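No experiment lies behind these values; they were computed from the predicted model shown.
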Amino acid sequence: MSKTADIRLPDPSRWKALAFIALAQLMVVLDATIVNIALPHAQTALSISDANKQWVITAYALAFGGLLLFGGRIADLWGRKRTFVVGLIGFALASALGGAAQNQGMLFGSRALQGVFGALLAPAALSLLAVMFTDAKERAKAFGIYGAIAGGGGAVGLILGGLLTQTLNWRWTFFVNIPFAIIAAAGAYFVIREPAGSRNRASLDIPGVVLSALGLVSLVYGFTRAESAGWSDGLTIGMFVASGVLLLSFALTESRVKSPLLPLRVVLDRNRGGVYLSLGLAVIAMFGLFLFLTYYLQVVRGYSPIRTGFAFLPMIAGMITGSTQIGARLMTRVPARKLMGPGFLVAAVGMLLLTQLEIGSSYAGLILPAQLLLGLGMGTAFMPAMSLATHGVEPRDSGVASAMVNTSQQVGGAIGTALLNTIAASAATAYASSHAALGAKNPELLKLQSMVHGFTGAIWWAVGILVVASAIAVTFINAGRPSAGPVGGGSGSGDAEGVEDEFKIPVVAH
């Protein structure tokens, strides 16, 4: 290692590159929710049974969640730019197949293919940011934009899904991805210049790929099945047991192989581990909220799909403000834990307001301020989380470190949808049983009251989950604030004590 600091000159096209990376990330994130609003229309058009309709969501979640680590490793091996462009082209073709689907098999297959190519491009997008933006202040701005999209893209999907479904038809929730992908792929091809020497050309860890994919698929499917079949279902329990065995075997394998798919130094660092865990918990709460508010506004309040989508605008505005105006401005001044911890607590306060939901609750008086608090809190916390998750790793590990961010979000989303929906359904059933007399007089009123009671019961759990996420962020994360100067790729040691120093010194030549 040279004694002289060698500051790599920043890529002059990095801000143009950010625009195309952000566009691709928006496409991937909104795709997780845009289909939800269109699902009833697609189900009718293709004669999909109630038992099978979940596969429109599940096929995407299984492929995306199960292959993310593999996608991150491919990005390190092939190069992030190439992986990013291939992922975009594949995602566009899969979306075209979904929009043209003539039966349920074509639709399910297209969703699985979207998940496969999404697992390639999502970690490649984040790792490109990690290696292209090395100045702390610029990194803060770049990750502020990225964090706002990662947090608010799901709500944008609800708006866009409502608009397309109501004004055109459900097929356009797939076709809309094609121009996104073409523009992002063309821009990436001509603009992005990946830094030299950042690839990891070690041989692919095949046992790690198989064990991680099967373990994550089992985990995601276990939670997805629990939502429909119950937690005591034999196959549900079997999926969780299999997931535990497979993921434990994966961890043991990674500690022994020469070129692991997931170097344990990436996750055992207390800062990155704290980010992955707290982010996953926060997403559990947030995805459950998307589900409940969508049902509350459409079923209880009778909102149209378009009106429901626009009702989420305050949350998007809060996330953009929290990420770009609070998180990005303060990230170079205060440690990440002092943004993430309070951010999750502010979001918990917003969630706490929603525990007061009733059938006739005022949108302006209750739902709007709750969404603003949720958005501000999540945006403020997501921004430093996204940056810290890839900070201090060796460039050759940035793809897999980025994949872990997406994995924690994807698994958190699957858990949140299944866990909180199950809690809500149980609470609603218990309420209906204890108010049977009301049901005899006004069954429709009882149905709505039971539904809202179930939502508020589950939202209380979401409040607790966000408080735990805040505690983890404050306890685990001990990295100091980044300096205003360049930041390096990390020593690669993975030791916690080295991270604070990495925030403060320029990169040195090896």
Side-chain angles (χ1 to χ4, degrees), residues 21 24-25 28 62-91 112-132 188 192 194-220 246-269 272-273 275-276 386 389-411 489-490 492 494:
I21 293 169
Q25 176 65 10
V28 172
L62 291 180
F64 189 52
L67 295 174
L68 271 167
L69 284 176
F70 177 61
R73 179 65 184 88
I74 289 296
D76 288 336
L77 182 65
W78 284 0
R80 292 154 194 86
K81 175 179 174 177
R82 180 186 301 175
T83 305
F84 185 66
V85 172
V86 169
L88 283 165
I89 294 171
F91 202 93
L113 281 175
Q114 281 184 317
V116 170
F117 288 106
L120 280 179
L121 72 91
L126 183 55
S127 59
L128 277 171
L129 287 188
V131 298
M132 291 180 74
I192 291 177
E194 187 176 349
S198 60
R199 291 191 193 179
N200 183 348
R201 299 182 185 274
S203 59
L204 192 60
D205 171 22
I206 300 298
V209 170
V210 174
L211 289 171
S212 66
L214 291 178
L216 289 171
V217 164
S218 299
L219 182 63
V220 172
L246 288 164
L247 292 177
L248 179 60
S249 301
F250 171 67
L252 291 173
T253 300
E254 298 309 274
S255 67
R256 296 176 181 177
V257 297
K258 182 179 179 181
S259 303
L261 173 70
L262 175 62
L264 295 184
R265 61 181 176 269
V266 172
V267 291
L268 293 181
D269 176 277
R272 285 189 289 275
V275 166
Y276 300 146
M386 293 290 179
T390 55
H391 195 105
V393 297
E394 295 183 61
R396 65 189 180 126
D397 291 335
S398 64
V400 75
S402 303
M404 277 301 300
V405 177
N406 288 282
T407 301
S408 65
Q409 289 180 289
Q410 185 65 24
V411 172

Subject >> Side-chain donor or acceptor of S255 paired with backbone N/O of L252 under 3.5 Å >> reply: yes

**OP:** Of all the heavy-atom pairs spanning A213 and L67, show the shortest one and how long it is.
**Re:** CB-CD2, 4.3 Å

Original post:
To the nearest 0.5 Å, what is the distance between CG (L216) and CG (L69)?
Top reply: 6.0 Å

Tell me which donor-acceptor pairs under 3.5 Å the side chains of residues 117-126 have, and how far apart each pair is, sequence neighbours excluded?
none

Subject >> Nearest non-hydrogen partners of R272 and R265, listed with the distance >> reply: NH2-O, 3.4 Å

**OP:** Output the distance between atom CG (L262) and atom CG (L268), rounded to the nearest 0.5 Å.
**Re:** 8.5 Å

Original post:
Taking only residues two or more places apart in sequence or in another chain, which ones pass ring-ring contact (aromatic ring centres under 6.0 Å, His included) with F64?
Top reply: Y60

Subject >> By side chain to side chain contact (heavy atoms under 4.5 Å, CB included) - contacts of V257 (at least two apart) >> reply: D205, T253, E254, P260

Original post:
Between A188 and V85, which heavy-atom pair has the shortest distance, and what is it?
Top reply: CB-CG2, 4.1 Å

**OP:** Please name the pair of heavy atoms, one in L247 and one in S212, separated by the smallest distance, quoted to 0.1 Å.
**Re:** CD2-O, 4.4 Å

Subject >> Spacing of OG1 belonging to T83 relative to CZ belonging to R73, to within rounding of 0.5 Å >> reply: 10.5 Å

Original post:
Rounded to the nearest 0.5 Å, how far apart are CD1 of I21 and CG of L128?
Top reply: 4.5 Å

**OP:** Identify the heavy atoms of L246 and L211 that sit nearest to each other, and give their distance.
**Re:** CD2-CD2, 3.9 Å

